[in-house]
Amino acid sequence: MFSAVTRLRTLSTYITNSHTPLRFFSSTTPAFTMDKKSSILNWVDPKDKSGEFKRQQSVFRSFIENKPGAEFPAEKDRYHLYVSYACPWAHRTLIVRNLKGLQDIISFSSVHWHMGDKGWRFATPDENLPGGNVTPDPLHSDYTHLRDIYFEQNPSYEGRFTVPTLYDKKQKRIVSNESSEIIRMLYTEFDDLIADEYKKVVLLPKNLQKDIEEMNEWVYNNINNGVYKSGFATTEEAYKKNVTTLFDSLDRVEKSLSDSSTPYLLSAPHVTEADVRLFTTIIRFDPVYVQHFKCNIRDIRSGYPHLHRWVRHLYWDYPVAFGETTEFEHIKNHYTKSHGQINPFAITPVGPLPNILEKDDEVPSAKAVREK
Ligand SMILES: N[C@@H](CCC(=O)N[C@@H](CS)C(=O)NCC(=O)O)C(=O)O
């Protein structure tokens, strides 16, 4: 059940993840003392002098397939997606699930936005959080945390407990906890079970695959992960390096959108994987990353007109896939109230308001110029 490869990967994850005690603040602030051997809230290994956040490889990497004899065959109501509305990686899977019309085929639930020292927890029945399906674990009534799903696989699991987690309800096994691979399973493997209008939704068109994959590479390293590398850095040098790379890459996307002959990245005739993967970072940028992760060389609404138009087009014109899967309360609260080393008093900044501007609106300075 827990394959040798998985065990090896888990072990290597543990080795790169074992920490010595860390104090984030002076000894006069005992509330923030992190002296647990390998607290999952130590985002940068204290032994790593570079001060750089290094994201670990996902451990579960199997695939749902639409073929006879598959280990995880494509079937209706067999799989469950555990997500957090706060998380940009999990957000990818919710968007693709809706773009592909898989709402009746794959169930989902969201954890509570707070991540503590036991990782993500499920909401309790009395908590009434915004967004659909923010519920106790619908599959295991006695589980309180996402990590219980991981321990169900292997009681001595040592990796991270991440969302998204794609779970096979029949075999009680995690299929995958790697969003970039989960979304690709959803592109085609369930096509025999969905209406024609959704079969026609192609997120990775053959003629653009090379360009999309090339773009994924730098967007992932410099933007999706770049905001975390900026925000979790524990040295000025690591922060400056990563925030500069991040903004250079945003400039590059801005230029590419201004050159695009369509409203989508890479002049695609419709939404593609490239749009999905960039959207989940850009929609969080002004509300959270600018202030919380110090990604403040510019913001999107006043500094990047093409990106601003593009993100609002997706959010407002694709309400089911992009708009309704975005839950700003989860997003803002999660980061600002879970990262004690960045925001020890857990006060959530109110602005910027609104979280996203209407399509025909602009920040006051841009509007004033337009109306002159
Ligand atoms: N490479 C993974 C990353 C997933 C990930 O890091 N998710 C975060 C939430 S945004 C998480 O669950 N972190 C918990 C932890 O690392 O303990 C993917 O794309 O699926």
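Side chains included, hydrogens not; waters and symmetry mates left out as well; all remaining heavy atoms used. Just follow the structure's listing: the first ligand is 1, and inside any ligand the first atom is 1.
Taking 4.0 Å as the cut-off, P164 counts as a neighbour of ligand 1 on heavy-atom distance.
Of the heavy atoms in N177, only backbone atoms (N, CA, C, O) come closer than 4.0 Å to ligand 1. Contacts of R160 with ligand 1, taken as heavy-atom pairs under 4.0 Å, involve the side chain alone.
Interface of S179 with ligand 1, defined as ligand atoms under 4.0 Å from a residue heavy atom, comprises 18 (C), 19 (O), 20 (O). When each atom of ligand 1 is checked for a heavy atom of W120 under 4.0 Å away, the hits are 9 (C), 11 (C), 12 (O), 14 (C). Close contacts between ligand 1 and C87 involve ligand atoms 7 (N), 9 (C), 10 (S) [criterion: under 4.0 Å to a heavy atom].
At a 3.5 angstrom cut-off on N or O pairs, S180 does not count as close to ligand 1. By the 3.5 Å distance cut-off applied to N or O atoms, P88 is not counted among the residues near ligand 1.
Between atom CG of residue L353 and atom CZ of residue F328 there is a gap of 10.5 Å, rounded to the nearest 0.5 Å. Taking CD from Q153 and CG from N177, the interatomic distance works out to 10.0 Å, rounded to the nearest 0.5 Å. In this structure, CG in N133 is found 12.5 Å from CG in L129, a value given to the nearest 0.5 Å.
Here the two rings, on Y318 and H313, have centers that are under 6.0 Å apart.
When Y228, Y220, F161 are checked for heavy-atom proximity to atom 14 (C) of ligand 1, F161 turns out nearest.
Applying the ring-ring contact (aromatic ring centres under 6.0 Å, His included) test between F293 and each of F285, Y239, F232 identifies F232 as the sole match. The side-chain contact (heavy atoms from CB on, under 4.5 Å) test with L166 singles out one residue from F108, Y82, Y79, and that residue is Y79.
For the pair S84/H91, no side-chain contact is recorded, criterion being any heavy-atom separation below 4.5 Å from C-beta on.
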